Participant: 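Take a look at the following structure, please.
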Amino acid sequence: MTRPRQYWLVKSEADSFSWNDLWTSPARTTHWDGVRNYQARNMLRDELRKGDLVLFYHSSSEPNAIMGICEVVRDGYPDFTAFDPREEHFDPRSDADQPTWYMVDVKAVRPFARPITLSELRGVPGLEQMTLLQKGSRLSVQPVRKGEWAVIEKLERQLAKGQTVGKVVR
DNA sequence: GCCAACGTTGGC
DNA sequence: GCCAACGTTGGC
């Protein structure tokens with residue numbers, strides 16, 4: 001029995017690895033390395049599956065925004081950058097026989113017609129529970145509920161047509 | 001630049 | 001096991 005497609009969000013700072021960096025990567029694909037948080041690791045290792053769809057979010061960027069959609073193209077496997085002392089996210093306590101850190105491969109599917117900013121997401125009906133919008137939410141890999149995904153895709157279609165969202169402030 | 005929130009470390 | 005200290009994240 002196949003598992004239903006699930007939905008996720010990953011964060012990256014545009015300065016370190018941007019949506020455009022992914023879009024211009026070979027095969028528009030990269031390994032999502034460097035995650036060094038156990039909760040996110042567990043999801044990368046155990047939950048993200050080939051075929052799942054992922055929102056690509058720029059954090060600590062101007063603006064903070066969801067840039068587009070990518071797809072998991074390889075299930076979790078050991079993050080080999082943890083084994084290499086020359087790597088920024090080298091972890092001497094992770095060894096190849098018993099890897100601590102995992103990653104998946106993601107492929108860019110399509111950019112949003114235009115980015116959906118964090119401030120646009122706030123206050124959108126149906127996104128009240130979205131992990132990204134919770135105070136203090138720092139997870140760099142987050143589950144996205146199916147309903148939230150649908151709301152965001154609808155939002156994107158509205159924005160593509162030039163409509164505005166949210167309250168009119170005057 | 002500031003600072004709140006969170007995760008990790010390490011002394012006890 | 002507790003918890004203070006510290007480092008990091010990330011919005012503003």
Side-chain angles (χ1 to χ4, degrees), chain A residues 6-23 25 30-48 52-70 72 76-106 108 111-112 114-145 148-149 151-153 155-156 158-159 164-170:
Chain A
Q6 291 184 19
Y7 301 93
W8 308 93
L9 177 146
V10 295
K11 296 180 187 175
S12 184
E13 297 188 20
D15 287 346
S16 59
F17 191 83
S18 69
W19 168 265
N20 195 54
D21 290 332
L22 178 60
W23 191 255
S25 293
T30 193
H31 40 258
W32 202 256
D33 62 276
V35 173
R36 297 293 179 266
N37 168 283
Y38 287 102
Q39 206 179 335
R41 184 282 309 270
N42 291 346
M43 288 188 278
L44 290 173
R45 186 188 58 192
D46 305 330
E47 299 188 50
L48 278 77
D52 287 355
L53 294 179
V54 183
L55 298 169
F56 190 114
Y57 175 77
H58 281 174
S59 63
S60 298
S61 304
E62 190 50 52
N64 298 319
I66 301 172
M67 304 302 292
I69 293 173
C70 45
V72 178
Y77 62 107
D79 179 347
F80 50 75
T81 68
F83 310 138
D84 185 345
R86 295 165 302 183
E87 289 284 348
E88 182 183 359
H89 299 288
F90 170 61
D91 179 0
R93 291 175 301 181
S94 179
D95 78 287
D97 292 334
Q98 200 94 22
T100 307
W101 306 115
Y102 282 72
M103 60 187 176
V104 298
D105 288 355
V106 294
F112 278 174
R114 74 159 175 75
I116 304 179
T117 66
L118 180 63
S119 59
E120 285 170 332
L121 292 169
R122 293 198 189 282
V124 172
L127 299 185
E128 294 86 355
Q129 306 299 316
M130 190 177 181
T131 304
L132 181 72
L133 305 182
Q134 305 310 306
K135 184 172 181 169
S137 163
R138 307 195 318 180
L139 266 185
S140 65
V141 179
Q142 306 176 352
V144 174
R145 295 168 185 83
E148 292 165 347
W149 187 276
V151 166
I152 288 167
E153 286 206 311
L155 197 55
E156 191 224 346
Q158 291 175 353
L159 292 169
T164 55
V165 296
K167 279 182 277 194
V168 177
V169 181
R170 46 177 132 197

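Predicted, not measured: the structure shown is a model, and the values here were computed from it. Letters A, B, ... mirror the listed sequences (proteins, then strands); counts begin at 1.
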Participant: What residues form a side-chain contact (heavy atoms from CB on, under 4.5 Å) with A:A65, not counting sequence neighbours?
Facilitator: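 Partners of A:A65 by the side-chain contact (heavy atoms from CB on, under 4.5 Å) criterion, ordered by chain and then number, come out as A:P63, A:M67, A:P115, A:T117.
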Participant: With sequence neighbours excluded, tell me which residues meet ring pair (Phe, Tyr, Trp, His ring centres under 6.0 Å) with A:W149.
Facilitator: A:Y7
Participant: Just checking A:R93: base, sugar-phosphate only, or nothing, at a heavy-atom cut-off of under 4.0 Å?
Facilitator: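 Result for A:R93 = sugar-phosphate.
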Participant: Anything under 30° is parallel, anything over 60° is perpendicular, the rest tilted; go ahead and classify A:F56 against A:W32.
Facilitator: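 Because their plane-to-plane angle is over 60°, the rings of A:F56 and A:W32 count as perpendicular.
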Participant: Counting only heavy atoms and a strict 4.0 angstrom limit, can you tell me which residues of residues 131-141 of chain A come near DNA chain B?
Facilitator: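 Those residues whose heavy atoms fall under 4.0 Å from DNA chain B, taken from residues 131-141 of chain A in numerical order, are A:K135, A:G136, A:R138.
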Participant: Which residues satisfy the ring pair (Phe, Tyr, Trp, His ring centres under 6.0 Å) test with A:Y57, sequence neighbours excluded?
Facilitator: none
Participant: Who passes side-chain hydrogen bond (donor to acceptor under 3.5 Å, both in side chains) against A:R93, sequence neighbours left out?
Facilitator: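 Listed in chain order: nothing, the list is empty.
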Participant: Only distances under 3.5 Å count here; give the side-chain donor-acceptor pairs of residues 94-106 of chain A to other protein atoms, sequence neighbours excluded, each with its distance to 0.1 Å.
Facilitator:
from: A:S94; atom 1: OG; to: A:T100; atom 2: N; distance (Å): 3.0
from: A:D95; atom 1: OD2; to: A:D97; atom 2: N; distance (Å): 3.2
from: A:W101; atom 1: NE1; to: A:D91; atom 2: OD2; distance (Å): 2.7
from: A:D105; atom 1: OD1; to: A:Y77; atom 2: OH; distance (Å): 2.5
from: A:D105; atom 1: OD2; to: A:Y77; atom 2: OH; distance (Å): 3.4

Participant: For A:S61, which residues count as a side-chain contact (heavy atoms from CB on, under 4.5 Å) partner, sequence neighbours excluded?
Facilitator: A:A14, A:H58, A:N64
Participant: Between the opening five pairs and the closing five pairs of the helix from B:dG1-C:dC12 to B:dC12-C:dG1, how far apart are the helix axes, to 10°?
Facilitator: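 The end-segment axes of the helix from B:dG1-C:dC12 to B:dC12-C:dG1 are tilted 10° relative to each other.
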Participant: Among residues at least two apart in sequence or on other chains, which ones pass salt bridge (charged side-chain N to carboxylate O under 4.0 Å, His left out) with A:D33?
Facilitator: none
Participant: Mind checking what makes side-chain hydrogen bond (donor to acceptor under 3.5 Å, both in side chains) contact with A:S59, not counting sequence neighbours?
Facilitator: none
Participant: Reading DNA chain C 5' to 3', which nucleotide is the first, and which the last, to come under 4.0 Å of any heavy atom in chain A?
Facilitator: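 Counting from the 5' end, contacts occupy C:dG7 to C:dC12.
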Participant: Please enumerate all residues that pass ring pair (Phe, Tyr, Trp, His ring centres under 6.0 Å) together with A:H31, with sequence neighbours excluded.
Facilitator: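 A:H31 satisfies ring pair (Phe, Tyr, Trp, His ring centres under 6.0 Å) with A:F80 only.
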